There are 2 protein chains.
Amino acid sequence: MTVTLKGLRAFNTVLRYGSFTRAAGLLHITQPALTVQIRQLEAALGLRLLDRTPQGAEPTAAGRELARSLEPLLRELDHTVSSLQDLAARRRGAVRLAALPSVASGLLPGAMARLRATHPELRVRLHEAVTGQIYEMVRAEQVDLGIATDLAPGGELSVDPLFRDQILALLPPDHALAGLAAIPLARLAKERLLLLEPDSSIRRLVDEAFARTGRMVTPAQEAVHTGTLVGMARAGLGIALVPSTAAELRMAPELAARPLGPPGIRRMVGLVRRSGRSLPPAAEALAEALRAEAALLAPSGQPSGPPPAAPRRTGRPRPVPPQEG
Amino acid sequence: MTVTLKGLRAFNTVLRYGSFTRAAGLLHITQPALTVQIRQLEAALGLRLLDRTPQGAEPTAAGRELARSLEPLLRELDHTVSSLQDLAARRRGAVRLAALPSVASGLLPGAMARLRATHPELRVRLHEAVTGQIYEMVRAEQVDLGIATDLAPGGELSVDPLFRDQILALLPPDHALAGLAAIPLARLAKERLLLLEPDSSIRRLVDEAFARTGRMVTPAQEAVHTGTLVGMARAGLGIALVPSTAAELRMAPELAARPLGPPGIRRMVGLVRRSGRSLPPAAEALAEALRAEAALLAPSGQPSGPPPAAPRRTGRPRPVPPQEG
DNA sequence: TCCCCCTATAGATATTTTTTATGACCGTTA
DNA sequence: TAACGGTCATAAAAAATATCTATAGGGGGA
């Protein structure tokens, strides 16, 4: 004989309604079943909790004592349960997210709008960082989820692909290279280059690509933020190499954006998570929103899209070229 | 799918030991049974609580949140249960008792000694009162148990017989009536009588007995306490009529104690309780002790004992005569 | 590669719970 | 006073549930 939650709830109900029969109705069981449950609870405690009378049931002193402790206990348990169910239903919760700056400005806002539409109560706590830091934050459980370049970290981490990104060169429309649909690395090497700092994964990809052509890169200028590079490019300080999904590209509609290569410089951006660990429901919801948003960018899987439109010598706004060339 | 105490305890155990297998051992079930229980709890909440790894199990964020609320809840529930079990085992509890003064001085002390021997933690809160008040206190639940004359109150109250009592006349050994083994009421009517106040059930019995012989009683003196009557009798103020079980009789070993009648004046003293209601365990224990003590007074049921020993004209202490003549 | 540690699954078996049907008791009403 | 409508208790059958045994599958360390 052991104390069960069902038994305690049954007792509480009988106590409140003063009758086995009525309580049984409310509990959606028959009166004999309830009688048995109460008997088992009494046996477990070794005490008579209710005195049965022809008019119903009323608590003994022990029953009243139990009820006094029990009611707050049940209330608190129910609160705990429903609070967890809120978590499960995404009515509550915060996602701790670490994301690349390019994603934070590009893909993320749309995903967050999507998330707000479906789960208005969820909050996102965003940390902008570079890929290595993102990996580390996910590993250390400082965040629930990361969005970073897929470097196949293995071990504790796994990366689910989200979208492909390519590096674009941002240059004045009247620049000699702007006439090309894609700019070979060899031609770029002689130009004044505006690059991100060496700890970003974009910069690493650029360095590696140049290394493969046997060249060292010596940037004319480095910056931490893509926006800074774009601003410098607009000021005519050189050619900026920036990820195609960065929203900062829209800051410079008057500049020409050209893919590199062939071969181009591409990377896979994905969701970084602890492998074998489940995501909190809120993080799961954000991940879904991110995947949905990413699907809009590259609707048909991993397409080999067309090269950018030929540059027109106008200052009119131009759509950002598709991400996948 | 519903949240059960078993499931919550299972979860708590897995969390503490970080392994389904080890937790299952501690819970005395097999690992598959535990797996099923945890799965059901997770289904009830709609949440994954534990991430299963090849090294064991560790909590998700939701699991940690549950554990935080759960542990104090389980602790408090266990405390409540064991506290009630203490009550059941008579390791805790107080009896609220209302008793006649004659019982309080006569039968009760022995019963309380008995109670202390078997259940040293129990306390008795004693209220001395006359029968009518005792009935009223039991009815109003001011006390758990009463000891009073059985007047067959019916209704909400029931009286379990405890012992039979008779009225004794207490008189100087050299008094003319002391030579009789039993004193007829008719002879008493001419004496100076020392009686309890009219609200006592003893007095009522005496009045009724005299009424049946066609006489009115006019006491020489009335008192609230038996001890007072005994003192007056010792001082030669008259003949005291007192219940045979009152310990105050021992105050006057030099006086002769004689039954009345025939017919004698008898009453049944019993345990008064609310009918159909169970006694608290502590009260049950006291009731047992009282019954055991009463059995000592009248070992063989309701015997018709011998008349009191013929009075001897000495001042030596004499045992109180048996209650049932 | 093997072995040992994890957990999950499936089917058979126990166990427990619930229902149905009935009885006994009390107070009220006709 | 007999019948009725309410109470809870009981017992046997049926249903639901929990548990065990046996086995599978995965990962880490020797």
Side-chain angles (χ1 to χ4, degrees), chain A residues 1-44 47-60 63 153-158 274-278, chain B residues 1-44 47-60 63 153-158 274-278:
Chain A
M1 271 316 93
T2 176
V3 174
T4 67
L5 210 47
K6 204 187 327 189
L8 292 170
R9 289 213 146 95
F11 167 72
N12 203 41
T13 307
V14 174
L15 199 76
R16 236 212 284 294
Y17 292 93
S19 150
F20 278 60
T21 307
R22 258 196 298 165
L26 291 165
L27 294 166
H28 305 296
I29 57 175
T30 59
Q31 169 263 314
L34 182 55
T35 291
V36 170
Q37 284 183 1
I38 298 291
R39 179 160 52 222
Q40 284 174 348
L41 178 61
E42 290 179 330
L47 275 173
R48 176 146 284 238
L49 298 172
L50 295 164
D51 277 330
R52 285 73 157 174
T53 75
Q55 285 72 46
E58 63 176 73
T60 63
E156 300 174 54
L157 300 183
S158 69
R274 305 214 303 152
S275 58
R277 304 308 156 94
S278 54
Chain B
M1 272 314 93
T2 177
V3 175
T4 68
L5 210 47
K6 200 181 341 183
L8 292 170
R9 289 213 146 92
F11 167 72
N12 204 41
T13 308
V14 173
L15 200 76
R16 239 214 282 294
Y17 292 92
S19 151
F20 278 59
T21 306
R22 258 195 298 163
L26 290 165
L27 294 166
H28 306 296
I29 57 175
T30 58
Q31 168 264 313
L34 181 54
T35 292
V36 170
Q37 284 183 2
I38 298 291
R39 181 164 46 223
Q40 285 174 349
L41 178 61
E42 289 180 331
L47 276 173
R48 177 146 283 238
L49 298 172
L50 295 164
D51 278 329
R52 284 75 157 173
T53 75
Q55 286 73 48
E58 61 175 76
T60 63
E156 300 173 54
L157 299 183
S158 69
R274 306 213 304 150
S275 57
R277 305 306 155 95
S278 53

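Keep in mind that what you see is a predicted model, and the values were worked out from it rather than measured. Chain letters run A, B, ... following the sequence lines, proteins first, then strands; residues in each count from 1. Values below: every heavy atom of this structure, side chains too, minus hydrogens, waters and symmetry copies.
The phosphate of dT19(D) (OP1 or OP2) has a side-chain N or O of Lys6(B) nearer than 4.0 angstrom. At least one side-chain nitrogen or oxygen of Thr30(A) sits closer than 4.0 Å to the OP1 or OP2 atom of dT19(C).
Nearest heavy-atom pair, Ala10(A) versus Leu27(A), reported as atom, atom and distance to 0.1 Å: CA-CD1, 3.8 Å. Gln31(B) and Thr21(B) make their closest contact through CG-OG1, 4.1 Å (heavy atoms, listed as atom of the first residue, atom of the second, distance). Considering all non-hydrogen atoms of both residues, Arg274(B) and Leu157(B) come closest at CA-CD2, 4.2 Å. Nearest approach of Leu34(A) to Phe20(A), heavy atoms of both residues: CD2-O, 3.1 Å.
What separates CD of Gln37(A) from C1' of dT17(C) is a distance of 8 Å, to the nearest Å. As a whole-Å value, the separation of Arg277(B) CZ from dC26(C) C1' is 13 Å. Between Leu50(B) atom CG and dC6(C) atom C1' there is a gap of 14 Å when expressed in whole angstrom units. The CG atom of Leu27(B) sits 11 Å away from the P atom of dC20(D) (whole-angstrom rounding). As rounded to whole Å, 17 Å separates atom P of dC6(C) from atom CG of Asp51(B). Rounded to an integer number of Å, the gap from OH of Tyr17(B) to C1' of dC6(C) is 19 Å. Regarding Ile29(A), its CD1 atom lies at a distance of 18 Å from the P atom of dT16(C), rounded to whole Å. If you measure from atom CG of Leu15(B) to atom C1' of dT7(C), you get 17 Å, rounded to the nearest angstrom.
Base engagement by Ala33(A) is indicated by at least one non-hydrogen atom pair under 4.0 Å involving a base atom.
Here Arg277(B) does not pair with Glu156(B) in a salt bridge; the nearest charged N to carboxylate O distance is not below 4.0 Å.
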Dump every N/O contact between nucleotides 5-9 of chain D and the protein below 3.5 Å, one line per pair.
| from | atom 1 | to | atom 2 | distance (Å) |
| --- | --- | --- | --- | --- |
| dT7(D) | O4' | Pro54(A) | O | 3.0 |
| dC8(D) | OP1 | Phe20(A) | N | 2.4 |
| dC8(D) | OP2 | Thr21(A) | N | 3.1 |
| dC8(D) | OP2 | Thr21(A) | OG1 | 2.5 |
| dA9(D) | OP1 | Arg52(A) | NE | 2.7 |
| dA9(D) | OP2 | Thr35(A) | OG1 | 3.1 |
| dA9(D) | N7 | Gln31(A) | NE2 | 2.9 |
| dA9(D) | N6 | Gln31(A) | OE1 | 3.3 |

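Once rounded to the nearest 0.5 Å, the distance linking CG of Leu26(A) with CZ of Arg9(A) reads 14.0 Å.
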Criterion side chain to side chain donor-acceptor pair (under 3.5 Å) on Asp51(B) and Thr60(B), from CA distance to verdict | CA-CA 6 Å; Asp51(B) 278 329; Thr60(B) 63; 5.9 Å; no
